[in-house]
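Treat the numbers as computed from the prediction; the structure is a model and nothing was measured. Below, each value reflects all heavy atoms present in this structure, side chains not excepted, and no hydrogens, waters or symmetry copies. In each ligand, atom 1 is the first atom listed, and ligand 1 is the first ligand listed.
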Amino acid sequence: MTDSTETTTGTGTATALAEDPMVRVKDLHRSFGSGAAAVHALRGVSFDVPRGELVALKGRSGSGKTTLLNLVGGLDKADGGSIVVDGTDIGSLGESGLLEMRRDRIGFVFQSFGLIPILSAAENVGVPLRLRKTDPKEREERVALLLSLVGLADHATQRPTELSGGQQQRVAIARALANRPALLIADEPTGQLDAETGLAVMELLRAVVRSENVTALVATHDAQLLGLADRVMELRDGRIVDAD
Ligand SMILES: Nc1ncnc2c1ncn2[C@@H]1O[C@H](COP(=O)(O)OP(=O)(O)OP(=O)(O)O)[C@@H](O)[C@H]1O
Ligand SMILES: [Mg+2]
C-alpha cells in the first residue's frame with residue numbers, strides 16, 4: 001500500500017469519482033470445467049453501468065447472465081478481466097474485503113426472493129442492519145421507512161408464507177436497500193411472478209433507483225422491465241451483442 005496510485009485500501013474502500021461509472025467491466029472471462037467439457041460462460045465481456053441508471057441485461061437461458069451478475073456482485077471469481085464497482089477493483093479484494101463489499105455496498109435481489117421463513121417482513125428487512133450492528137432504534141426507523149417505500153407498512157409482522165409472491169419480492173427489495181447500497185443487483189426478480197405482479201415489482205425497482213439514489217443491474221427476460229430500463233444490454237453465448 002505504498003504506491004500512491006493505489007486506489008483501494010485494505011478494507012476495500014476507495015475514492016470513487018462522481019463521474020466514474022458505478023460498474024466498469026473489462027474483458028471478463030469465466031469458464032466452468034476444463035478440456036473438451038469446458039463451458040465458456042463469459043468470453044470477453046466489457047461494459048459500463050453509469051451511476052444512477054437502471055441497466056437491464058437480457059439474453060437466452062444459458063447466455064451467461066447469472067454468471068455475470070455473480071461476478072459483479074463478488075459472489076464468484078473471474079478467470080480473466082477486471083470489474084470495478086464504485087471505484088473498487090473487485091479482483092484485488094480478498095475474502096473479507098469481498099464480504100464487506102457485499103454487505104455494505106451491494107444489495108441483491110433473487111428470483112426466489114430468499115427471505116428467511118421464520119422472520120417477519122420487518123425482521124427480514126432488518127437483517128442487513130443487524131449484521132452491521134446498527135443501533136436498534138435507527139434500525140427500526142429505517143425498516144419502517146423501507147416497508148412503507150415498498151408499500152408494505154401494514155404487513156410488517158407477517159412472515160414470508162403469509163405474503164404473496166409479489167409482496168415477498170417487495171420485502172426482498174426493501175432488504176436489499178437496507179444498507180443504502182451503491183449498487184442493486186437483481187437476477188430475474190420477476191421470474192416467479194405473474195405478469196401483473198411482475199409489472200408492479202418492476203415499477204417499484206424503477207422508482208427506487210430514482211428515489212434511493214441507487215444504480216441497478218437487472219437480468220430479465222421481461223419485455224416490460226426492458227421497457228423501463230435506461231439501457232438494455234444483450235448477452236449471447238457469453239458475449240455482449242447489443243449495448244444501447
Ligand atoms: N457452476 C457452474 N458449473 C458449471 N457450469 C455452469 C455453472 N454456472 C453456470 N454454468 C454454465 O454457464 C452457462 C451460463 O449460465 P448462466 O447461469 O450464467 O446463464 P443465464 O443466462 O443466467 O441463464 P438463465 O436465463 O437460464 O438463468 C451455462 O451453459 C451454464 O450451464
Ligand atoms: Mg440465470
Side-chain angles (χ1 to χ4, degrees), residues 22-49 53-85 90-91 93 95 98-99 101-102 106-115 165-166 168-169 172-173 175-176 181 183-195 197-199 201-202 204-206 209 215-244:
M22 180 58 72
V23 179
R24 172 158 283 172
V25 170
K26 284 224 167 96
D27 199 25
L28 203 62
H29 289 261
R30 179 72 170 105
S31 298
F32 299 102
S34 59
V39 175
H40 301 288
L42 300 176
R43 309 163 180 252
V45 168
S46 303
F47 63 89
D48 283 355
V49 178
E53 290 200 359
L54 191 170
V55 174
L57 181 63
K58 68 174 182 176
R60 289 166 41 180
S61 180
S63 58
K65 302 182 298 296
T66 296
T67 304
L68 178 57
L69 294 188
N70 286 346
L71 290 172
V72 173
L75 295 166
D76 184 24
K77 286 270 186 194
D79 300 320
S82 68
I83 305 168
V84 176
V85 176
I90 302 223
L93 298 177
E95 272 311 309
L98 279 175
L99 199 85
M101 178 94 197
R102 292 195 300 261
I106 301 178
F108 292 94
V109 177
F110 301 102
Q111 182 172 351
S112 53
F113 320 137
L115 300 176
Q168 289 181 60
Q169 195 60 303
I173 291 169
R175 179 184 57 184
L183 176 66
L184 196 62
I185 292 180
D187 195 355
E188 306 203 27
T190 62
Q192 284 190 10
L193 305 174
D194 63 63
T197 312
L199 180 61
V201 164
M202 291 181 262
L204 173 65
L205 270 177
R206 175 68 270 182
V209 168
T215 302
L217 179 58
V218 183
T220 185
H221 292 290
D222 201 308
Q224 286 174 303
L225 181 50
L226 295 172
L228 291 173
D230 293 303
R231 65 182 73 198
V232 177
M233 300 189 299
E234 181 172 359
L235 266 177
R236 199 177 293 162
D237 294 332
R239 289 193 180 89
I240 300 277
V241 291
D242 177 25
D244 61 29

> Please work out which of Gly191, Ser61, Ser31, Ala41 has its closest non-hydrogen atom nearest to atom 26 (O) of ligand 1.
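Comparing heavy atoms across Gly191, Ser61, Ser31, Ala41, the nearest one to atom 26 (O) of ligand 1 lies in Ser61.
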> Check the side chains of Asp187 and Thr66 for a donor-acceptor pair under 3.5 angstrom, ignoring hydrogens and angles.
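Distance-only check passes for Thr66 and Asp187.
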> Which atoms of ligand 1 are found less than 4.0 Å from any heavy atom of Thr67?
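Heavy-atom distances to Thr67 below 4.0 Å select 9 (C), 14 (C), 15 (O), 16 (P), 18 (O).
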> With atoms numbered from 1 as shown, which atoms in ligand 1 lie under 4.0 angstrom from a non-hydrogen atom of Glu188?
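Those qualifying, in numeric order: 24 (P), 25 (O), 27 (O).
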> Looking only at protein heavy atoms, which one is nearest to atom 29 (O) of ligand 1, and how far off is it?
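That would be Val39 CG1, 3.5 Å.
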> Of the options Leu28, Leu42, Val45, Val39, which is the one that meets Thr67 in a side-chain contact (heavy atoms from CB on, under 4.5 Å)?
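Considering Leu28, Leu42, Val45, Val39, a side-chain contact (heavy atoms from CB on, under 4.5 Å) with Thr67 is found only for Leu42.
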> As an exercise, identify every atom of ligand 1 less than 4.0 angstrom from a heavy atom of Thr66.
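Under 4.0 Å from Thr66, ligand 1 has these atoms: 17 (O), 18 (O), 20 (P), 22 (O), 27 (O).
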> May I ask you to check if ligand 1 and Gly62 share an N or O to N or O distance below 3.5 Å?
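N/O-N/O distance below 3.5 Å exists for this pair.
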> First locate atom CG of Asp48, then atom CE of Met22, and finally report the distance between them rounded to the nearest 0.5 Å.
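Going from CG on Asp48 over to CE on Met22, the span is 12.0 Å.
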> Please report the C-alpha distance between Leu184 and Thr215 in whole Å, then the side-chain angles of each, then the deciding distance to 0.1 Å, and finally whether the side-chain contact (heavy atoms from CB on, under 4.5 Å) criterion is met.
CA-CA 6 Å; Leu184 196 62; Thr215 302; over 6 Å; no
> With heavy atoms of Ser63 as the reference, note each atom of ligand 1 found under 4.0 Å away.
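Every atom of ligand 1 under 4.0 Å from some heavy atom of Ser63: 19 (O), 21 (O).
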> Could you identify the single nearest non-hydrogen protein atom to atom 2 (C) of ligand 1 and state the distance to 0.1 Å?
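The answer is Phe32 CD2, 3.5 Å.
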> Determine, counting only non-hydrogen atoms of the protein, whether one lies under 4.0 angstrom from atom 5 (N) of ligand 1.
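Within 4.0 Å of atom 5 (N) of ligand 1, protein heavy atoms are found.
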> Below 3.5 angstrom, do we get any N/O pair linking Leu68 and ligand 1?
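In fact, backbone or side chain, Leu68 has no N or O that close.
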> With a cut-off of 2.8 Å, does Ser61 place any N/O/S atom under that distance from the Mg ion (ligand 2)?
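No, Ser61 does not qualify, because none of its backbone or side-chain N, O or S atoms lies under 2.8 Å.
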> Quick test: of every protein heavy atom, which one is nearest to atom 25 (O) of ligand 1, and how far off is it to 0.1 Å?
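It is Lys65 NZ, 2.7 Å.
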> Restricting to non-hydrogen atoms, name the atom on His221 and the atom on Glu188 that form the minimum distance, rounded to 0.1 Å.
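Here His221 and Glu188 meet closest at CD2-OE1, 3.1 Å.
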> Taking only heavy atoms of Arg60 into account, list the atoms of ligand 1 that are under 4.0 Å away from them.
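Those atoms are 21 (O).
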> Does the side chain of Arg24 reach to within under 4.5 Å of the side chain of Ile83, using non-hydrogen atoms?
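Counting from C-beta outward, Arg24 and Ile83 never come under 4.5 Å.
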> Hey, is Arg30 close enough to Asp76 for a salt bridge, meaning N to O under 4.0 Å?
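Here Arg30 pairs with Asp76 in a salt bridge, since their nearest N and O are under 4.0 Å apart.
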> May I ask you to say whether Asp230 pairs ionically with Arg206, meaning some side-chain N is under 4.0 Å from a carboxylate O?
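Yes, Asp230 and Arg206 are salt-bridged.
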> To the nearest 0.5 angstrom, please state how far the CG atom of Leu93 sits from the CG atom of Leu98.
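Interatomic distance, Leu93 CG to Leu98 CG, rounded to 0.5 Å: 5.0 Å.
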> Numbering the atoms of ligand 1 from 1, which are under 4.0 Å from a heavy atom of His221?
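Listed by number with element, the hits are 25 (O).
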